[in-house]
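Notes to accompany the following structure.
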Amino acid sequence: MLLLNNLEFKRSEKTIFENISFSANSGKIILLKGSNGSGKTTLIKTIINILEPTNGEVFWMGEKIKKNIFNFYKNTTFIMDKTTSAANLTIMENISFWKNLSLSKIKKDEVIRLLNILELTKYQNTKVMYLSMGEIKKLELTRLIIEKKKLWILDEPYNNLDSSSIEIISQTFADHADKKGIILLASHYEPNIKDLEIFNLN
């Protein structure tokens, strides 16, 4: 379980957000919704311990994240709103890197099936620098399946996706929740997912 208790963040005396408290239990999908400048990305960076909150605490499985950071990262896949794929590597080379880094046991035929679902098969040997933004986004989202972590934290996962890809990703989120996973996503887009919980930052 992920728990936020009275989180506050200030930058140069400006309050970005304050009094943020909620919990995300197994099987939950929570959407952080807000306009540009509402603090969605800052809140996510605070949750994953990139930024230090001005006040409040983040807990994972009943312990403060700072005392439980290795277990937290071991169980978390974080996908940023910016590209993290290596531009000079191909799709398959990036996937191989992520697989080795996370000690994933996903098999090659599963990877090929995943690429086929996302319509990336024909680009598997193409370097990332030659892909469209939508294709790169889909590549980055493959980490959710490759790493097989319990907690998924995503910043603007729907950016640059077409309607077909949006449906696939939303179904992937729903399937993960059905398997008792936890998803926290920040997005301008509100997906059509059953039992989606919305936390407004505006």
Side-chain angles (χ1 to χ4, degrees), residues 16 29-48 50-51 73 76-102 104 106 108 110-149 151-177 181-193 196 198-202:
I16 307 301
I29 306 175
I30 296 180
L31 170 65
L32 301 177
K33 192 174 180 181
S35 58
N36 286 334
S38 61
K40 299 189 301 297
T41 296
T42 301
L43 177 56
I44 282 182
K45 288 182 177 180
T46 303
I47 292 170
I48 63 172
I50 291 176
L51 295 176
Y73 288 150
T76 303
T77 292
F78 170 49
I79 297 182
M80 302 173 64
D81 60 334
K82 298 180 180 179
T83 301
T84 57
S85 307
N88 63 331
L89 296 181
T90 67
I91 281 181
M92 289 302 290
E93 288 169 340
N94 272 284
I95 287 175
S96 179
F97 174 77
W98 295 328
K99 180 181 175 181
N100 292 334
L101 188 65
S102 63
S104 171
I106 190 170
K108 186 174 181 179
E110 292 178 88
V111 172
I112 296 300
R113 193 179 311 122
L114 176 60
L115 294 180
N116 186 51
I117 291 170
L118 294 171
E119 299 182 342
L120 290 174
T121 308
K122 63 182 178 181
Y123 303 116
Q124 60 182 297
N125 295 315
T126 301
K127 291 186 177 182
V128 169
M129 67 177 72
Y130 299 119
L131 301 177
S132 70
M133 292 305 296
E135 289 158 355
I136 293 172
K137 174 62 75 173
K138 289 191 286 185
L139 168 60
E140 306 236 332
L141 289 168
T142 63
R143 285 180 48 219
L144 299 173
I145 306 304
I146 292 165
E147 296 180 8
K148 300 182 182 296
K149 304 290 184 70
L151 174 62
W152 295 356
I153 300 179
L154 308 101
D155 194 0
E156 299 293 354
Y158 292 101
N159 277 3
N160 303 305
L161 295 182
D162 57 25
S163 58
S164 176
S165 299
I166 286 173
E167 289 183 16
I168 291 170
I169 297 306
S170 292
Q171 186 59 55
T172 301
F173 290 163
D175 292 345
H176 187 60
I182 304 170
I183 304 171
L184 180 65
L185 60 138
S187 179
H188 293 92
Y189 177 77
E190 185 176 327
N192 182 21
I193 301 176
L196 177 71
I198 300 175
F199 189 92
N200 283 298
L201 288 173
N202 286 330

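Counting heavy atoms from C-beta outward, N200 and L32 have side chains that stay 4.5 Å or more apart. Considering only heavy atoms from C-beta on, V128 stays 4.5 Å or farther from L89 through its side chain. Side-chain contact between I30 and I183 is absent, with no heavy-atom pair separated by less than 4.5 Å. Within the 4.5 Å cutoff, the side chain of K40 has no heavy atoms near those of the K33 side chain. Taking 4.5 Å as the limit, every side-chain heavy atom of I153 sits out of range of all side-chain heavy atoms of I79. By the 4.5 Å heavy-atom criterion applied to side chains, L154 and L144 are counted as neighbours.
Shown here for S104 and I146, the closest heavy-atom pair between the two residues is OG-O, 2.5 Å. Here the closest heavy-atom approach between residue I106 and residue K99 is recorded as O-NZ, 2.9 Å. What you find for I112 and T121 is that their closest heavy atoms are O-OG1, 4.1 Å. Residue L118 comes nearest to K138 through the heavy atom pair O-NZ, 2.8 Å, listed as atom of the first residue, atom of the second, then distance. The two residues A86 and N94 have their closest heavy-atom pair at N-OD1, 2.8 Å.
In this structure, a donor-acceptor pair under 3.5 Å is absent between the side chains of D175 and T172. A donor atom on one side chain and an acceptor atom on the other are not found under 3.5 Å apart for E140 and T83. Between the side chains of D155 and T41, a donor-acceptor pair is found at a separation under 3.5 Å. Counting only N and O atoms by type, the side chains of Y158 and S170 include a donor and acceptor under 3.5 Å apart.
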Given side chain to side chain contact (heavy atoms under 4.5 Å, CB included), test T142 with L114 step by step and report yes or no. CA-CA 7 Å; T142 63; L114 176 60; 3.7 Å; yes
Show, in sequence, the C-alpha distance, side-chain angles and deciding distance for L120 and I91, and conclude whether the side chain to side chain contact (heavy atoms under 4.5 Å, CB included) test is met. CA-CA 9 Å; L120 290 174; I91 281 181; 4.3 Å; yes
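Remark: the backbone N or O of W98 is not paired with any side-chain donor or acceptor of E147 at under 3.5 angstrom. For R143 (side chain) and F78 (main-chain N/O), a donor-acceptor pair under 3.5 Å exists by modelled atom type. With S165 contributing its side chain and L161 its backbone, the two residues share no donor-acceptor pair below 3.5 Å.
Between the CD1 atom of I168 and the CZ atom of F173 there is a distance of 12.0 Å, given to the nearest 0.5 Å. Rounding to the nearest 0.5 Å gives a distance of 12.0 Å between CD of E135 and OG of S85. Taking CE of M92 as the start and CG of L115 as the end, the distance is 6.0 Å to the nearest 0.5 Å. Rounding to the nearest 0.5 Å gives a distance of 10.0 Å between CD of Q124 and CG of N116. Rounding to the nearest 0.5 Å gives a distance of 10.0 Å between CE of M129 and CD1 of I136. Taken to the nearest 0.5 Å, the CG atom of L201 stands 11.5 Å off from the CD1 atom of I16.
Ring-plane geometry between W152 and H176 is classed as parallel, the angle between the planes falling under 30 degrees on a 0 to 90 degree scale with a further cut at 60.
Within a 6.0 Å sphere centred on NZ of K148, other residues, nucleotides and ligands contribute more than 12 heavy atoms. Atom CD of E93 sits in a crowded spot, with more than 12 heavy atoms from other residues, nucleotides or ligands closer than 6.0 Å. Few gaps surround OH on Y189; more than 12 heavy atoms of other groups in view lie less than 6.0 Å from it. The number of heavy atoms from other shown groups lying within 6.0 Å of CG (N125) is above 12.
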